[in-house]
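Just below is one structure, and these are the notes that go with it.
Index from 1, following the sequence. As the structure lists them, so they are numbered: ligands from 1, and atoms in each ligand from 1.
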Amino acid sequence: MYLNGDLYLRDTEAEGRTVLVTEPAPGVRVLTMNRPQRLNALSGELIRDLHHALDDVAADEDCRVVVLTGAGRGFCAGLDLFSMPGRRAGEADASPQARLHTQQAIAALVPRLRNLAQPVIAAVNGPAAGGGFGLALAADIRVAATSARFNAAFVRIGLSGCDIGVSWLLPRLIGAGRSHELLLTGRLVDAAEAERLGLVSRVVPDGETLDAALEIAAQITANSPMGVWMTKEVAWSQLEVGSLQAGIDLENRTQVMTAFTRDHTEQISAFREKRPPTYTNG
Ligand SMILES: C/C=C/C(=O)SCCNC(=O)CCNC(=O)[C@H](O)C(C)(C)COP(=O)(O)OP(=O)(O)OC[C@H]1O[C@@H](n2cnc3c(N)ncnc32)[C@H](O)[C@@H]1OP(=O)(O)O
């Protein structure tokens, strides 16, 4: 469904797994993009592996929070500019169909992150450019290392600055005027500015992004599965409803569902009895 044709990007290097999945804490899965020598740029293999990793976490009922990060000093440098064909003398360009499939496969990662039931935390350990910027924006929460940098790199390589959902997500995070500037210039935003703009929740020293993300993940997993699931769903849906009343109606419908869960009853009992709750996901 997400990979509906051949991707034109050549997988030239004999690489190990380009996405590593680990479970550093109960209920938390960390997806690490793993092409550090290319700042985790999106090769065909990495795109495919990310889709497969997302298939796995989506089907994993024990997974409560997903953390997305990069190996080495980069988060993700966007489309792999070295594995594109048609840029050398005598080399055939990719067909329009293959280009479309590749564009769709990369762009589909963004709604997939939004549509996961589990919250996604981007632990932005270094540069997040182009498609990598889009992946970071698609997360529910972003924490950044001091050396992280962000840019909508698309326009700097002759493409439209509006790609893979960035021109939809960015103005909702930082406002239209600032978004337009970043889309049109493609300039790099450092971690301190990203925090000022509201692009990231917090900036931590290099090497500490994963710990910061896991700290937030632990705060989330301390809440009930259904309550967290509904919060993510409604919070994103609110970005698309047109009025305050429509937003309240949406909240009311989902809140009634959570109000009848066993976990809600259990949390009230736990509060009254001054003990931690035990969730049954019901
Ligand atoms: C649908 C999606 C579309 C898109 O994503 S379009 C956008 C594509 N991406 C870009 O245009 C970003 C290109 N990269 C950069 O501008 C810079 O990099 C950064 C700002 C991200 C980081 O800069 P710095 O920290 O100075 O690192 P460095 O020395 O430029 O890169 C380190 C190594 O990583 C390789 N690399 C970086 N980006 C890519 C890429 N996108 N594709 C393939 N390789 C990349 C370099 O070449 C180099 O390698 P070596 O050490 O061998 O010289």
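Applying the 4.0 Å criterion to heavy atoms of I157 picks out, from ligand 1, the atoms 6 (S), 7 (C), 11 (O). Interface atoms of ligand 1 facing A153, defined by a heavy-atom separation under 4.0 Å, are 7 (C), 10 (C), 11 (O). Atoms of ligand 1 found under 4.0 Å from any heavy atom of G78, numbered from 1 in the order shown, are 5 (O). Listed by number with element, the atoms of ligand 1 under 4.0 Å from a non-hydrogen atom of G131 are 4 (C), 5 (O).
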Considering only distance and modelled atom types, tabulate donor-acceptor pairs under 3.5 Å from the side chains of residues 148-161, sequence neighbours left out.
from: N151; atom 1: ND2; to: G186; atom 2: O; distance (Å): 3.1
from: R156; atom 1: NH1; to: G186; atom 2: O; distance (Å): 3.1
from: S160; atom 1: OG; to: C162; atom 2: N; distance (Å): 3.0

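Compare F133, F82, F154 by their heavy atoms: the one nearest to atom 2 (C) of ligand 1 is in F154. Comparing heavy-atom distances from atom 33 (C) of ligand 1 across R156, Q104, M84, Q37 singles out Q37 as nearest. The option from A77, A129, S43 that lies nearest to atom 9 (N) of ligand 1, judged by heavy atoms, is A77.
Inside a 4.0 Å radius of atom 51 (O) of ligand 1 there is not any protein heavy atom. Protein heavy atoms are found inside the 4.0 Å sphere centred on atom 5 (O) of ligand 1. The nearest protein heavy atom to atom 16 (O) of ligand 1 is not closer than 4.0 Å. Within a 4.0 Å radius of atom 30 (O) of ligand 1, the protein contributes no non-hydrogen atoms. Protein heavy atoms are found inside the 4.0 Å sphere centred on atom 11 (O) of ligand 1.
At under 3.5 Å, not a single nitrogen or oxygen of Q103, backbone or side chain, sits near a nitrogen or oxygen of ligand 1. Residue-to-ligand polar distances keep P127 apart from ligand 1: every N/O pair is separated by 3.5 Å or more. Remark: ligand 1 and R73 share an N or O pair separated by less than 3.5 Å (distance only, no angle test). In terms of N/O distances under 3.5 Å, ligand 1 is approached by L79. In terms of N/O distances under 3.5 Å, ligand 1 is not approached by L159.
The residues R178 and E193 are annotated as not salt-bridged, no charged nitrogen and carboxylate oxygen being separated by less than 4.0 angstrom. The pair R202-E208 fails the salt-bridge criterion, with no side-chain N (NZ, NE, NH1 or NH2) lying under 4.0 Å from an Asp/Glu carboxylate O. A salt bridge links D55 with R112: the distance from a Lys NZ or Arg NE/NH1/NH2 to an Asp or Glu carboxylate oxygen falls below 4.0 Å.
Contact record, L250 with S237: CD2-CB, 3.6 Å, taken as the closest heavy-atom pair. Heavy-atom minimum distance, G134 versus I164: CA-CD1, 3.9 Å. The minimum heavy-atom distance between S43 and S83, with the atom names listed, is CA-OG, 4.4 Å.
A distance of 4.5 Å separates OG1 in T18 from CG in L46, rounded to the nearest 0.5 Å.
Contacts with ligand 1 closer than 4.0 Å are made by side-chain heavy atoms of I164 only, the backbone lying farther away. Using a 4.0 Å cut-off between heavy atoms, D80 contacts ligand 1 through both its backbone and its side chain.
For atom 45 (C) of ligand 1, the nearest protein heavy atom (residue, atom name, distance) is R38 O, 4.0 Å. Here the protein heavy atom with the shortest distance to atom 22 (C) of ligand 1 is L39 CD1, 3.6 Å. Nearest non-hydrogen protein atom to atom 26 (O) of ligand 1 is R149 NH2, 4.3 Å. For atom 1 (C) of ligand 1, the closest heavy atom belonging to the protein is D163 OD2, 3.5 Å. Closest to atom 13 (C) of ligand 1, if we only count protein heavy atoms, is L81 CD1, 4.2 Å.
Side-chain atoms of E233 never come within 3.5 Å of backbone atoms of A117 as a donor-acceptor pair (strictly under, hydrogens ignored). Looking at S147, its side chain never comes within 3.5 Å of a backbone N or O of R73 through a donor-acceptor pair. Of the possible donor and acceptor atoms, one in the side chain of S269 sits under 3.5 Å from a partner among the backbone N and O of T265.
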Report the C-alpha separation of S179 and L183 in whole Å, then their side-chain angles, then the decisive distance to 0.1 Å, and conclude whether the side chain to side chain contact (heavy atoms under 4.5 Å, CB included) test is met. CA-CA 6 Å; S179 167; L183 295 176; 3.7 Å; yes
Run D56 and R29 through salt bridge (charged side-chain N to carboxylate O under 4.0 Å, His left out) and show every step you take. CA-CA 10 Å; D56 290 345; R29 304 288 182 275; over 6 Å; no
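Among pairs with a residue in residues 191-216, none fulfils ring pair (Phe, Tyr, Trp, His ring centres under 6.0 Å), at least two apart in sequence or across chains.
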